[in-house]
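Notes to accompany the following structure.
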Amino acid sequence: MLKAALPLNRRSFTQCTAVSDVGHECEELLSREVIQNRLEEYTCSKDLKLGRHLHRSIVSNGLDTASDLGDYLIRMFSSCGSLPEADLIFCKIAKPSLYSWHSIMSAHALLGDGLTTINLFHSLEQQGLKPCKFIFLSLLTALRKLKCLPEGRLVHSQILSDGLDSDVVIGSTLIDMYTKCGSLDEARKVFDVLPNLNVVSWNAMIAGFVQQQDDTTAFEFFSKMQKSGIQPTKFTFSCVLNACINVDQGMQIHDQVMLSMLESDVVVGTALMNMYAKCGCVAEAHKAFDRLIHPDLASWNAIIAGYSQRGYGSSALELFRKMIKQNIEGDLITFSSVINACASIGAIEVGRLVYNEIVAKRLELDVVVGNSLIDMYAKSGYLQEAHKILTTLSSRDLVSWNTLIAVYAQHGNCRLVQQCLWDMIKEGTKPDERTFLSILAACSHAGSVESGRKYFVSMVEDFGVTHSADHFNCMIDLLGRSGHLKDAKLFLGSVPELPSSFTGWTSLLAASDKYRNMEVGRQSFGRLSVLDPVCGSGYVLMSNIFAGAKVDQRSFETAKASERCWCFESGRESL
DNA sequence: GTAGGGTTAG
């Protein structure tokens with residue numbers, strides 16, 4: 001924990017001070033005001049080199065122990081991203097003012113993990129200092145980062161007892177803290193009693209609803225805000241664009257963005273790209289990207305991901321090459337999308353190059369990039385390499401296991417599927433509906449009827465995973481393929497009437513063809529004809545069954561007509 | 001004080 005430094009001897013500098021005039025060739029006398037102005041300048045320009053130079057001069061003149069210059073130095077180092085140097089300054093300040101405490105707490109809340117901010121708050125109180133509004137703001141920022149809801153509530157009660165709760169900045173920060181900690185109800189309570197709402201309070205609330213995927217309420221608040229006479233800002237737009245559920249809604253927001261002249265703002269523009277890509281309008285997303293004057297890494301990542309996710313792997317790689325040509329370095333987010341694109345188009349060599357780049361840059365492989373690599377290797381048939389990635393990952397998750405299990409299932413390797421299932425359970429990862437879909441598919445491909453039945457029961461009883469229509473269809477496929485046609489039909493009877501039961505009846509018809517079972521075949525064909533009267537594959541399969549039974553085309557036509565009558569008569573009967 | 005970018009099936 002940081003401690004305030006003991007009082008040090010320091011020169012008085014009430015008037016003029018000899019300090020090297022950084023950025024200028026000669027050394028001259030600089031007033032305290034000029035030093036402060038220079039430090040502010042470097043804070044804004046984030047010029048660490050010039051800032052350090054000026055700091056050395058301040059130290060050599062023994063001025064770094066004064067609270068006022070120290071505050072400027074802390075802010076400068078914090079703005080330049082150097083937390084250790086900001087810490088050193090704070091430790092050297094003889095008598096830190098509340099403003100000094102705020103500066104260092106804020107630096108830790110923004111750059112650090114937030115824990116030091118909390119520790120600093122306790123030190124401040126232990127020294128008998130009364131926290132002001134700004135101290136609380138830094139503290140709330142740290143608690144938001146750490147998602148410490150109970151501590152956040154304690155700070156809220158302290159704010160209430162200090163009578164600071166009606167302050168709109170404190171109120172907005174409390175709303176933000178509560179939403180980020182997942183308590184939308186408490187955020188709403190703060191919002192409802194704030195005497196003066198401003199656009200930040202509304203934005204914090206809207207962002208909370210978007211984060212909780214309550215798009216309807218997010219739009220309701222967006223509308224209420226405008227009705228109350230408050231104009232949306234770039235923050236508002238970047239939030240609500242995330243809540244758009246269709247392109248019409250997205251285009252309406254886009255119109256408002258244009259009217260507000262915010263189309264070329266890098267964050268709003270990226271949110272627009274993301275919205276269009278999500279709605280399937282990749283060309284529009286690309287137009288939004290082209291409108292950005294200075295796209296940053298997040299913008300590049302959004303457009304690459306947009307193409308990659310919509311199945312345009314080649315375009316995604318093309319943009320990635322363009323980005324490299326412009327000397328923009330990718331990060332793990334870029335790499336995960338690029339690897340995903342490689343997997344979709346089978347560009348395994350490009351994927352390998354990207355992986356080598358990650359290793360060369362000594363970036364620690366995170367779970368998302370790891371999962372993309374597992375998927376790429378698995379899809380390209382390099383199962384051992386896929387497995388190796390999984391074992392080398394420092395943290396694996398459900399997606400890692402599901403990706404590998406799915407590919408083993410596709411290859412019908414029940415032994416490895418089962419091994420993975422045990423390993424994931426041993427690690428404490430609970431299998432989900434996708435895991436069991438792969439497991440049942442593996443059993444189906446391997447013809448392991450009894451294992452399939454066992455897993456079908458176990459998934460609900462032992463793991464609490466609910467059966468979906470896909471699981472039923474998988475069982476029907478498994479039973480049908482192995483000749484258990486009656487059991488397959490029983491399963492079909494228990495499938496809720498979902499469009500996907502079409503898949504089940506097709507599986508059963510295919511199984512009837514395989515096992516030359518005219519009776520079940522006719523029933524399946526009848527049911528399929530009700531679900532889709534022009535189903536081509538149904539006619540082909542039924543035709544095969546008749547052909548196998550040496551029934552000529554004429555008999556088939558007759559049978560087809562009789563099936564239709566039968567369907568109308570018994571369509572609602574349970575088969 | 002508030003905002004944008006990444007991974008699993010068929």
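Values reported hereafter were calculated over all heavy atoms of this structure, with side chains retained and with hydrogens, waters and symmetry mates removed. Here is how names work: the chains are called A, B, and so on, in the same order as the sequence lines, proteins then strands, and each is numbered from 1. Just so we're clear, the structure is a prediction, and the values are computed from it rather than from any experiment.
- Ranking B:dA9, B:dG1, B:dG4 by closeness to the A:T270 side chain, first place goes to B:dG4.
- You'll find that the side chain of A:D397 is closest to B:dT7, out of B:dA9, B:dG6, B:dT7.
- For the pair A:Q309 and B:dT7, the criterion of a side-chain N or O lying under 4.0 Å from OP1 or OP2 is met.
- Closest to the side chain of A:N203, from the set B:dT2, B:dG6, B:dG4, is B:dT2.
- Atom pair A:Q410:CD and B:dA9:P shows a separation of 8 Å (rounding to whole Å applied).
- Taking 3.5 Å as the limit, the base of B:dG6 and the side chain of A:S337 contain no donor-acceptor pair of atoms between them.
- Minimum atom distance to the side chain of A:D375 is reached by B:dT8, of the listed B:dG4, B:dG1, B:dT8.
- In this model, a side-chain donor or acceptor of A:S172 finds a partner on the base of B:dG1 within 3.5 Å.
- For the pair A:K133 and A:D167, the salt-bridge criterion is met [side-chain N within less than 4.0 Å of a carboxylate O].
- Counting non-hydrogen atoms under 4.0 angstrom, A:K133 reaches nothing in the nucleic acid.
- Using a 4.0 Å cut-off between charged nitrogen and carboxylate oxygen, A:D176 and A:K180 count as a salt-bridge pair.
- Nearest nucleotide to the A:K379 side chain, out of B:dA9, B:dA3, B:dT7: B:dA9.
- Nucleic acid contact for A:A204: none, since no nucleic acid atom lies under 4.0 Å from a heavy atom of the residue.
- The side chain of A:L437 sits closest to B:dA9 out of B:dG1, B:dG4, B:dA9.
- For A:D192, the salt bridge (Lys or Arg N to Asp or Glu O under 4.0 Å) partners two or more places apart in sequence, or in a different chain, are A:R188.
- Atom C1' of nucleotide B:dG4 and atom CG of A:L272 are separated by 10 Å, given to the nearest angstrom.
- Counting non-hydrogen atoms under 4.0 angstrom, A:L137 reaches nothing in the nucleic acid.
- For A:I333, whose side chain is taken as the heavy atoms from C-beta onward, the closest listed nucleotide among B:dG1, B:dG6, B:dA3 is B:dG6.
- Look at CG on A:N274: it is 12 Å from C1' on B:dA3, rounded to the nearest Å.
- Using modelled atom types, no side-chain atom of A:S201 and backbone atom of A:S172 make a donor-acceptor pair closer than 3.5 Å.
- The CG-C1' distance, from A:L404 to B:dT7, rounds to 14 Å in whole Å.
- If you check distances only, the side chain of A:S299 does reach the base of B:dG4 with a donor-acceptor pair under 3.5 Å.
- Between B:dG4, B:dA3, B:dG1, one nucleotide has an atom nearer to the side chain of A:D265 than all others, and that is B:dA3.
- Among the protein residues, A:L297 comes within range of the nucleic acid bases, having at least one heavy atom under 4.0 Å from a base atom.
- Looking at the side chain of A:N340, the nearest of the listed nucleotides B:dG6, B:dG1, B:dT7 is B:dT7.
- A:V338 comes within contact range of no nucleotide atom at all, as no heavy-atom separation falls under 4.0 Å.
- Residue contacts for A:L332: at a heavy-atom cut-off of 4.0 Å it reaches a base atom on one of the strands shown.
- Among pairs with a residue in residues 262-272 of chain A, those fulfilling side chain to side chain donor-acceptor pair (under 3.5 Å) read A:H254-A:E263, A:E263-A:R291, A:T270-A:S299, at least two apart in sequence or across chains.
- Checking side-chain atoms of A:K145 against main-chain N and O of A:L110 turns up a donor-acceptor pair under 3.5 Å.
- Computed from coordinates, the A:L393 CG to B:dT8 P distance equals 15 Å when rounded to whole Å.
- Checked against B:dA9, B:dG1, B:dG6, the side chain of A:V368 finds its nearest nucleotide in B:dG6.
- Within the 4.0 angstrom heavy-atom criterion, no nucleotide atom of any strand lies near A:D477.
- The distance between atom CG of A:D296 and atom P of B:dG6, rounded to the nearest whole Å, is 13 Å.
- Side-chain atoms of A:S336 and base atoms of B:dG6 include a donor and an acceptor less than 3.5 Å apart.
- With contacts defined as side-chain heavy-atom distances shorter than 4.5 Å, the pair A:M177/A:K147 does not qualify.
- Among the protein residues, A:N242 comes within range of the sugar-phosphate backbone only, with heavy atoms under 4.0 Å from sugar or phosphate atoms but none that close to a base.
- At a threshold of 4.0 angstrom between heavy atoms, the contacts of A:R144 are confined to the sugar-phosphate backbone, with no base atom among them.
- Counting to the nearest Å, the C1' atom of B:dT8 and the CG atom of A:N402 are 6 Å from each other.
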